[in-house]
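What follows is a set of notes on a single structure, which appears directly below.
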Number of protein chains: 2
Amino acid sequence: MNLHRRLVTLADVARESGFGESTVSRVLRNQGSFSKRTADRVAEAVAKLGYVPNRLAGSLAGNAASAGSQLVGIVIPSLANIVFPDLLRGLTGALDRTGFQSVIGVSDYDPDREEALVAALLSWRPAGLVLTGLEHNPDTVALLRAAGIRVVEMIDTDGPGLDLVVGFSNRAVGEASAAHLVARGYRRIGYVGHDILRDLRAGKRLAGFEAALQGTGYGLIDREIVAEPSSATAGRAALDRLLDRTPDLDAVYFSNDDMALGGYFCCLARGWSIPHRLALFGYNGLDITAAMPQPLSTIRTPRLRIGEIAAERLAAGGPAETIDLGFALVAGATA
Amino acid sequence: MNLHRRLVTLADVARESGFGESTVSRVLRNQGSFSKRTADRVAEAVAKLGYVPNRLAGSLAGNAASAGSQLVGIVIPSLANIVFPDLLRGLTGALDRTGFQSVIGVSDYDPDREEALVAALLSWRPAGLVLTGLEHNPDTVALLRAAGIRVVEMIDTDGPGLDLVVGFSNRAVGEASAAHLVARGYRRIGYVGHDILRDLRAGKRLAGFEAALQGTGYGLIDREIVAEPSSATAGRAALDRLLDRTPDLDAVYFSNDDMALGGYFCCLARGWSIPHRLALFGYNGLDITAAMPQPLSTIRTPRLRIGEIAAERLAAGGPAETIDLGFALVAGATA
DNA sequence: AAGTATTTTGGCAGCGCTGCCAATCGAGTT
DNA sequence: AACTCGATTGGCAGCGCTGCCAAAATACTT
């Protein structure tokens with residue numbers, strides 16, 4: 001390709017159209033005043049030369065102290081769990097509509113990587129930053145404060161936020177799940193989960209679950225926690241281990257629907273009837289679980305909506321606040 | 001936050017450390033020569049002032065004609081299908097390692113949106129662009145050529161590419177799937193798929209499948225195609241309709257594993273034994289399908305690897321070429 | 001000690017665009 | 001016809017950083 005030829009610049013368009021650079025710039029941004037004829041001439045020149053504006057220069061020149069570029073930085077912990085693509089979908093959808101572009105970083109649930117990513121994203125002078133969860137390194141917070149930009153923390157509302165917070169209470173999710181199981185008469189309840197040291201939200205759900213269970217007088221009988229990320233395979237294997245150890249459970253709470261689906265397959269393979277021999281309860285409201293012969297009992301979370309609201313609030317401006325979007329318990333047929 | 005105060009600039013660091021701007025710049029980029037003592041002093045000043053480099057300015061100043069910014073633009077058709085998060089995971093992982101940041105756009109399988117996104121991404125003067133598939137608007141191609149940057153087209157190798165192409169032959173996937181089913185003795189074969197008008201790769205797989213089937217003398221008996229995106233729910237409903245209409249099929253080929261999983265649930269709900277009453281064959285090699293009591297027979301695609309190779313080639317430079325990463329047929333227990 | 005490499009350093013002109021402000025143009029006023 | 005006022009337009013100084021090149025400091029020779 002033409003690595004040799006200089007790219008077309010605003011000055012070229014100005015020369016070609018016969019107007020000044022400022023005028024062309026105004027027309028291109030549809031800002032300030034100019035006549036219809038001018039706009040047409042400029043459009044013509046742009047088309048003829050194949051001009052593509054250079055936003056690097058634009059953002060640098062524009063008020064660099066305040067919201068510089070039309071970029072929004074997004075840091076998510078993972079892409080392996082469907083939750084995050086869903087959040088991204090909501091974010092990019094709403095962001096596109098408001099003319100923003102998304103720069104994305106994946107932290108692998110590592111606070112240090114999150115910090116590095118925040119620093120890297122900040123160097124593009126984004127208009128705002130979107131993070132996941134409320135827990136960050138002190139240095140990350142310092143960077144954020146110094147940058148003086150809007151920040152959204154998604155998913156978790158169980159604690160104080162830096163600026164905007166959009167999500168729901170993971171603790172309340174755990175409590176609601178426990179209440180449901182107890183109300184249905186289950187007493188010998190176990191837990192199958194993935195790495196709570198890394199996925200802090202899963203930890204908060206479990207804490208809420210256990211607390212609610214204690215409150216009713218029944219405790220958690222046994223638990224099986226895997227170190228790996230959540231997956232159906234991990235869920236199936238973990239439930240197998242749990243049942244080998246403690247066969248007389250009557251219900252199992254899973255850290256999420258991926259794990260629960262693995263649990264479902266485990267029961268199918270053992271020929272155990274659900275929910276009579278064993279009840280299953282998940283978390284997330286994955287599409288797949290609705291297609292199961294027996295729909296999974298789970299908690300449906302407003303993932304897409306969280307992304308959308310986060311993006312909209314970021315674009316709209318407004319006071320710092322915490323927005324709790326709640327969740328819905330889906331009774332299903334497995335618990 | 002401090003929207004009022006000017007952000008710290010390189011000049012501030014220079015003043016604070018007592019060196020010139022060029023020296024500080026060199027130290028910060030670890031390029032050119034400077035003494036250890038200088039580096040320490042600069043690091044000190046950076047830490048003291050909390051300096052965050054402005055990459056907008058950096059990229060603008062750096063050779064703007066060639067690879068300007070350290071950004072790579074990525075356009076994917078969707079985030080709803082797990083394939084794309086997997087590709088993204090490979091891309092962002094490898095890109096991070098080479099110091100690039102990813103700007104992402106989602107086209108919703110719409111070539112016009114793809115074009116708009118390419119134009120928008122190009123305005124950040126990315127070092128390269130990553131697209132999905134080989135089919136683009138003529139204007140999109142023109143934009144790409146004029147930009148003079150590296151382009152990678154992912155997933156599909158069935159046709160000529162613009163520059164780098166990383167993927168596998170979707171047509172060959174279809175052919176291999178058909179060959180497997182025929183070899184196993186299935187003769188009355190149906191197809192359940194999602195929107196081939198939008199997902200062109202699914203169309204190519206189906207074309208390969210049908211061609212191979214014709215070649216053996218057996219044709220495709222019946223097909224059920226839904227207009228919506230693929231999902232387990234859609235797969236289950238579609239298989240139900242197909243079987244109501246043509247009950248005597250002995251095998252069904254699905255457009256992907258999501259659909260196939262829905263088909264599996266459909267059989268479970270009907271009490272049909274798999275693969276004796278009906279055999280199922282999918283595509284993608286989703287993790288979930290490996291956890292099923294009967295692992296799904298499917299094609300495993302190197303999604304992560306495609307993303308990684310794409311990113312690496314983009315970063316490394318090198319000649320235009322098509323890299324076929326192949327695929328693996330997973331025999332499974334459903335066909 | 002004088003001279004020649006080599007390493008370190010600083011000055012300054014842009015990169016392409018926008019903000020500011022002054023200049024120009026028309027049309028309406030008196 | 002002289003004058004006012006709003007609509008258009010152009011000139012130019014940066015935005016913060018890097019590339020280029022010359023200057024300064026240091027090291028090595030003979």
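Quick caveat, the model's predicted, so the values are computed rather than measured. Letters A, B, ... mirror the listed sequences (proteins, then strands); counts begin at 1.
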Response to the item:
Rounded to whole Å, CZ of A:Arg37 lies from C1' of D:dT8 at a distance of 11 Å
Worksheet item: Phosphate oxygens OP1/OP2 of D:dG19: is one of them under 4.0 Å from a side-chain N or O of B:Arg29?
Response: yes
Practice prompt. Salt-bridge test for A:Asp158 and A:Arg201: reply yes if a basic N is under 4.0 Å from a carboxylate O, no otherwise.
Written response: no
Worksheet item: In whole angstroms, how far is the P atom of D:dC15 from the CZ atom of A:Arg125?
Response: 14 Å
Item to complete: Could you tell me which residues satisfy side chain to side chain donor-acceptor pair (under 3.5 Å) with A:Arg198, sequence neighbours excluded, listed by chain and number?
Response: none
Worksheet item: Where do A:Arg150 and A:Asp163 land on the salt bridge (Lys or Arg N to Asp or Glu O under 4.0 Å) test, with the steps shown first?
Response: CA-CA 7 Å; A:Arg150 295 310 298 260; A:Asp163 184 4; 2.7 Å; yes
Item to complete: For the pair A:Arg15 and A:Asp12, find out whether any cationic side-chain nitrogen is under 4.0 Å from an anionic carboxylate oxygen.
Response: yes
Item to complete: Starting from P on D:dG10, measure out to CZ on A:Arg41 and report it in whole angstrom.
Response: 11 Å
Under 3.5 Å, which N/O atoms of the protein pair with N/O atoms of nucleotides 7-11 of chain C?
unit_1 : atom_1 : unit_2  : atom_2 : d
C:dT9  : OP1    : B:Thr38 : OG1    : 2.6
C:dT9  : OP2    : B:Ser35 : N      : 3.3
C:dT9  : OP2    : B:Thr38 : OG1    : 3.0
C:dG10 : OP1    : B:Gly20 : N      : 3.4
C:dG10 : OP2    : B:Gly20 : N      : 2.5
C:dG10 : OP2    : B:Thr23 : OG1    : 2.6
C:dG10 : N7     : B:Arg26 : NH2    : 2.9
C:dG10 : O6     : B:Arg26 : NH2    : 3.0
C:dG11 : N7     : B:Ser22 : OG     : 3.0
C:dG11 : O6     : B:Ser22 : OG     : 2.7

Item to complete: Identify which nucleotide among D:dC17, C:dG16, C:dG19 has an atom closest to any side-chain atom of A:Gln31, counting heavy atoms from C-beta outward.
Response: C:dG19
Discussion item. Between the side chains of B:Arg305 and B:Glu308, is the shortest nitrogen-to-carboxylate-oxygen separation below 4.0 Å, so that they form an ion pair?
Written reply: yes
Worksheet item: Expressed in angstrom and rounded to an integer, what is the separation of B:Arg15 atom CZ from D:dC17 atom P?
Response: 12 Å
Worksheet entry | Within residues 102-112 of chain A or reaching into it, pairs that qualify as side-chain hydrogen bond (donor to acceptor under 3.5 Å, both in side chains) - sequence neighbours excluded | A:Asp112-A:Asn137
Worksheet entry | Rounded interatomic separation in angstrom, taking CG from A:Leu7 and C1' from C:dG14 | 17 Å
Discussion item. Measure CG/B:Leu60 against C1'/C:dC17 and give the value in whole Å, please.
Written reply: 8 Å
Discussion item. I need the CG-P distance between A:Leu122 and D:dG16, as an integer number of Å.
Written reply: 15 Å
Item to complete: May I have the distance from B:Leu49 (atom CG) to D:dG16 (atom P), rounded to whole angstrom?
Response: 14 Å
